[in-house]
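Notes follow once the structure below has been shown.
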Amino acid sequence: MIFDHQMLIGGEWVDGSTGERLPSINPFDQEVWATIPQASEGDVERALSSARRAFEHGWRDTKGLRRAELMMALADLLDDNADRMARLETTDNGKVIRETGNQMRFAARNYRFFAGYADKLYGEVIPLDNTDLFDYTLREPLGVVVLVIAWNSPMQLLANKLAPALAAGNTVVIKPSEHASVTALELGRLAEEAGFPEGVINVVTGDGRVGDLLTKSPGMDRISLTGGPQTGRIIAGNASHNLVPVTLELGGKSPNIVFEDADLERAVSGAVAGIFGAAGQTCIAGSRLLVQRSVYGNVVKEVATRARKIRLGDPLDPETEMGPVANEAQYERILALIDAGKEEGAEVVAGGEPAHGGDLDKGFFVSPTVFSEVDNRMTVAQEEIFGPVLSVIPFEDEDQAVEIANSTRFGLASGVWTRDLSRAHRFARSINAGTVWVNTYRSAAAQAPFGGVKQSGYGRERGWHALQEYTRVKNVMVDLSQSTSDPFSIRS
Ligand code: TXE
């Protein structure tokens with residue numbers, strides 16, 4: 001059975017005016033399981049003007065407490081529907097059910113965290129030199145925000161953006177990835193059920209052309225994207241036309257660094273989880289494993305052994321540890337980059353090919369792959385593969401580890417495994433990345449800010465910092481004196 005989905009525009013569920021539909025392919029069996037509308041320019045404009053109307057005529061002036069109640073209701077519904085939503089997302093993008101279930105609950109936690117801020121967004125009183133002048137700031141919403149998201153973790157990526165945007169009093173138009181739109185549409189239904197007024201949350205679907213129309217339109221006030229670096233460049237260009245701010249959460253080539261003094265058992269588990277969790281399709285994947293020479297051989301051997309034992313299969317089966325990669329383009333690209341690694345002389349110690357046998361023959365499965373003796377200049381150490389491919393690079397000492405870690409055009413995440421406290425903090429300062437994990441990897445919290453440097457993007461999601469992206473500061477200056485001022489001089 002194929003499900004034909006509609007878009008949510010101004011409180012109505014619509015097919016869109018093109019009549020064109022895109023197939024949603026289940027990466028486990030390559031079957032079309034759903035279709036989504038390809039929005040037209042008219043649909044995009046209608047979504048933006050609905051969001052504008054909802055902002056101007058209600059949402060902007062809705063009490064913070066009310067916004068918080070609605071967000072809490074949405075979080076409850078997301079929790080109640082977590083298993084169903086997880087099944088939908090797993091069917092759409094192939095991510096294993098044991099992870100998508102947790103992601104739904106984590107998304108709910110994020111709505112709750114930001115709901116807590118909705119009635120606490122106050123400004124400050126600023127003491128001036130001239131005590132006749134009373135100065136204060138207001139923290140205000142921006143207006144209509146466009147949220148463009150990727151396919152790898154739609155509900156989690158969306159919560160990072162939607163929760164602070166709503167808490168701050170903005171209205172939104174969401175554009176999920178054409179490869180995995182179903183849960184974003186379902187979230188629209190949950191938001192209706194929670195009681196959000198029509199037009200506050202709009203969801204339009206389609207490919208990059210729809211994202212392009214949305215991000216070029218003069219009808220919006222901010223853009224937030226999670227996607228690839230090339231899309232980031234295009235969207236930053238679009239934002240420049242209308243001079244609107246943009247948050248970019250892009251790719252990474254994150255170093256996970258193991259020192260000889262680390263708890264090696266934990267470090268190996270962290271390395272395996274850091275790259276093979278979500279089949280490597282996360283922006284924070286620890287895709288470069290830097291290992292100190294003295295323990296290099298043992299760590300490579302252990303990581304390769306663990307990689308070979310990973311249980312591949314139906315992502316809907318709770319026993320499955322790694323599912324297929326999300327779509328055909330991903331599959332082809334990952335295999336091409338594995339070939340590049342072999343051609344450039346990296347040594348395959350696990351995987352290195354498509355995974356076959358039984359159910360695996362139907363889907364886009366890649367064997368968990370470990371390359372050893374990788375030079376940091378090789379393609380597999382520099383390109384974001386976005387797949388289950390680990391490059392293990394040796395280093396001699398701390399200085400060399402830092403130099404290799406920072407020799408990348410990306411800067412999203414990093415990890416260090418050591419028992420030396422001073423080294424851990426030195427490393428945290430030296431590394432050029434938005435996140436540093438010490439003796440852990442892929443840990444996340446609603447309170448902790450997240451984002452990149454260099455070509456991993458800019459802006460921060462989660463934590464208090466995210467609210468600053470969705471609000472602006474207005475300054476108010478009041479003359480308390482009774483005197484008439486000199487019109488030709490500035491009062492200060
Ligand atoms: O992402 P895209 P893709 C990386 C990863 C992956 C590569 C490509 O390396 O292999 O990017 O993935 C919309 N104007 N990441 O092609 O295209 C698109 O419709 C406006 C890292 O799937 O960037 C989708 O909704 N919008 C990343 C969203 O952008 C456009 C997660 C992201 O799609 C557009 C995903 C345009 N011109 C991929 N073109 C991460 N940071 O986690 C596309 N889009």
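Keep in mind the model is a prediction, meaning the values are calculated, not measured. Counting starts at 1 for both ligands and their atoms, following the listed order.
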Which one holds for [X] and ligand 1: side chain close, backbone close, both close, or neither close, with close meaning a heavy atom under 4.0 Å?
X      : answer
Asp207 : backbone
Gln330 : side chain
Gln230 : neither

Taking the minimum heavy-atom distance to [atom], which of [options] ranks first?
atom                    : options                        : answer
atom 29 (O) of ligand 1 : Leu337, Ile235, Asn327, Val148 : Val148
atom 27 (C) of ligand 1 : Cys283, Gly227, Pro154         : Gly227
atom 7 (C) of ligand 1  : Ala150, Gly228, Ser153         : Gly228
atom 44 (N) of ligand 1 : Ile234, Thr231, Ile385         : Thr231

Subject >> From CA spacing to verdict: side chain to side chain contact (heavy atoms under 4.5 Å, CB included), Leu250, Phe410 >> reply: CA-CA 9 Å; Leu250 309 174; Phe410 297 107; 6.0 Å; no

**OP:** Could you tell me whether atom 34 (C) of ligand 1 has at least one protein heavy atom nearer than 4.0 Å?
**Re:** yes

Original post:
Under 4.0 Å from atom 16 (O) of ligand 1, is there any protein heavy atom?
Top reply: no

Original post:
Hey, do the aromatic rings of Tyr441 and Trp417 have their centres closer than 6.0 Å?
Top reply: no

Original post:
What about Trp437 and Phe450, are their ring centers closer than 6.0 Å?
Top reply: no

Subject >> Polar contact flag for Glu178 and ligand 1 (N/O pairs, less than 3.5 Å) >> reply: yes

Subject >> Partner residues of Glu373 under the side-chain contact (heavy atoms from CB on, under 4.5 Å) criterion, sequence neighbours left out >> reply: Arg293, Tyr296, Glu347, Pro394

Subject >> Partners passing ring-ring contact (aromatic ring centres under 6.0 Å, His included) against Tyr331 (at least two apart in sequence or in another chain) >> reply: Phe364

